[in-house]
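Worksheet: one structure, shown below.
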Amino acid sequence: MQKFDAIRPFYDSEINEAILNVVHHPMMKALMNFTFPEMRDEEWKEQLSKTHSIRDFQCKFIYHSLLKVLEKSSDGLTTSGFEKLEKGESYLFISNHRDILLDTTLLNVALFENGLVMTASAIGDNLVQKDFLNILAKLNRNFLVKRGLTPREMLESSKTLSEYIGHLLIHESRSVWIAQREGRTKDGLDATNPGVLKMVGMGSDEANLMDYFKKIKVVPVSISYEYDPTDVLKIPQLLAEANNEVYIKEKNEDFMTLLSGVMGQKKGIHIHIGDVLDTKIDAIKEEFTNSNKQIQALAQVIDDSIIGNYKLWSTNYIAFDILNKTDTYSQFYTADEKSLFERRLEMRIDADNPVALQGLLDMYANPVVNKLKYTDALKS
């Protein structure tokens, strides 16, 4: 077995056989019927059977699936900052993480529409336990991050993962998407885990770690959703953490969250591409010689970009004002928007459960809190 076989997506030479293995699967039928409601099954099956590359599969099928998702479950996707990226160049996109599938797939929609290199994207192997989902992930250029390992296995897995990320970026000129931390943000407080950067840095072939990060062209990405369709699904974990309990997921919880995220109502969605971190990385290299301090500083620079460029929605301001019993941000929302938010809150959360209510409001208000801390830090 080749070094990366356990985690890599399909090679183009494997695509057609993989598609033929799932072309009659009921979940493929559901996906294609959703994407192409006017098309007879025989037509899309024939088109799929003639597909021989990941790019063809993404551009001819999945791209249209995502346009349909945006049409049915949002007010559309807006973007900013993509003009900073150069055609044909690969980048390491480090993003805040809100939705299992959409964070990375919507980034790829925007990259495709801007004629830029699309990403290979990290996905936890816990999310693709079902055979069909595993094949679909590999057809979409996802690579696997192993979960639930012993410390020794984790070290080996991290080495392999870091080498694979470096291989993609440097030798295949393929952009890569990774989340700034393991798992989605449940409380709305986005923060880069330095451990993620240490893992990436394990693949370094440079004497100074910052030279490696500069070479792979790190780009922070901020993604925000006006409404999070999985917000209420995140509450049980927040409640467990509030009680210092270990949270154990239900058997199909990840799959149900994945479906809810894709099909649930999101209203506005925005993706911002931050600056390529070249001069900032130079400054870190100048200031620090210790690699741990360099990593901490890089995590802070990524956070500054993600938080500073995060688009706040009316829902964020409304939640902040409700929590703080104020109307500080009332100029950013209408009475109708507040009424809609409050009605949705009543429908989703039991009024007799103040901890759950607090958790949901925090989820929406904390991006405002984060932004306030960031702007205050800039002033000082």
Review point. Can R55 be said to sit on top of F57's aromatic six-ring, NZ or CZ under 6.0 Å from centre and within 45° of the ring axis?
Key: no

Point to revise | Sole candidate of V200, L197, V145 that passes side chain to side chain contact (heavy atoms under 4.5 Å, CB included) when paired with I178 | key: V200

Side-chain heavy atoms of [X] within contact of [Y], under 4.5 Å:
X    : Y    : answer
Q180 : N193 : no
V176 : F143 : yes
L139 : I15  : yes
Q294 : F288 : yes
I322 : F341 : yes
R98  : T185 : yes
F34  : K68  : yes
I223 : S95  : yes

Exercise for review: Apply ring-ring contact (aromatic ring centres under 6.0 Å, His included) to Y212 and list each qualifying residue two or more places apart in sequence or on a separate chain.
Suggested key: none

Exercise for review: Can you sort out the partners of F320 under ring-ring contact (aromatic ring centres under 6.0 Å, His included), two or more places apart, ordered by chain and number?
Suggested key: Y329

Point to revise | E182 and R147: CA distance, side-chain angles, deciding distance, salt bridge (Lys or Arg N to Asp or Glu O under 4.0 Å) verdict | key: CA-CA 10 Å; E182 181 182 327; R147 302 284 193 224; 3.7 Å; yes

Exercise for review: Evaluate side chain to side chain donor-acceptor pair (under 3.5 Å) for H272 paired with S80, printing each intermediate quantity in order.
Suggested key: CA-CA 5 Å; H272 178 85; S80 52; 2.7 Å; yes

Point to revise | Derivation and outcome, salt bridge (Lys or Arg N to Asp or Glu O under 4.0 Å), residues K217 and D278 | key: CA-CA 7 Å; K217 298 189 286 292; D278 45 16; over 6 Å; no

Check your understanding: Which pairs, with at least one residue in residues 169-179 and sequence neighbours excluded, count as a side-chain hydrogen bond (donor to acceptor under 3.5 Å, both in side chains)?
Key -> H167-E172

[X] and [Y]: side chain donor to acceptor below 3.5 Å:
X    : Y    : value
S339 : E342 : no
E17  : N21  : no
T51  : D56  : no
D231 : Y364 : yes
T326 : D321 : no
H64  : T35  : no

For [X] and [Y], which heavy atoms make the closest approach, and how far apart are they?
X    : Y    : result
H270 : T78  : ND1-OG1, 2.7 Å
L312 : V368 : CD2-N, 3.9 Å
S73  : M263 : CB-O, 3.6 Å
M202 : S158 : SD-CB, 3.8 Å
T104 : T119 : OG1-OG1, 4.0 Å
L127 : L133 : O-CD1, 3.9 Å

Exercise for review: Take I7 and T160, measure what side chain to side chain contact (heavy atoms under 4.5 Å, CB included) needs, and give me the verdict at the end.
Suggested key: CA-CA 9 Å; I7 62 169; T160 304; 4.1 Å; yes

Exercise for review: For ring-ring contact (aromatic ring centres under 6.0 Å, His included), just list the numbers for Y317 and Y333, CA-CA rounded to whole Å, side-chain angles, deciding distance to a tenth of an Å, and then say yes or no.
Suggested key: CA-CA 7 Å; Y317 293 117; Y333 55 85; 7.5 Å; no

Practice item. Check the pair Q300 / D304 against side chain to side chain donor-acceptor pair (under 3.5 Å), numbers first and verdict last. Key: CA-CA 6 Å; Q300 187 60 58; D304 289 349; 2.9 Å; yes

Point to revise | Working for side chain to side chain contact (heavy atoms under 4.5 Å, CB included), residues E113 and T79 | key: CA-CA 11 Å; E113 290 181 346; T79 62; over 6 Å; no

Review point. Take atom CD in E71; do more than 12 heavy atoms of anything else shown fall under 6.0 Å from it?
Key: yes

Review point. Does NZ in K60 sit with more than 12 non-hydrogen atoms of other residues, nucleotides or ligands closer than 6.0 Å?
Key: no

Check your understanding: Does K371 reach the main-chain N or O of G308 with its side chain, forming a donor-acceptor pair under 3.5 Å?
Key -> yes

Review point. Where the side chain of N366 meets the backbone of V369, is there a donor-acceptor pair that is under 3.5 Å apart?
Key: no

Exercise for review: Using the side chain to side chain donor-acceptor pair (under 3.5 Å) rule, take D103 and Y225 through it: C-alpha gap first, then chi angles, then the decisive distance, then the call.
Suggested key: CA-CA 10 Å; D103 294 353; Y225 300 84; 2.7 Å; yes

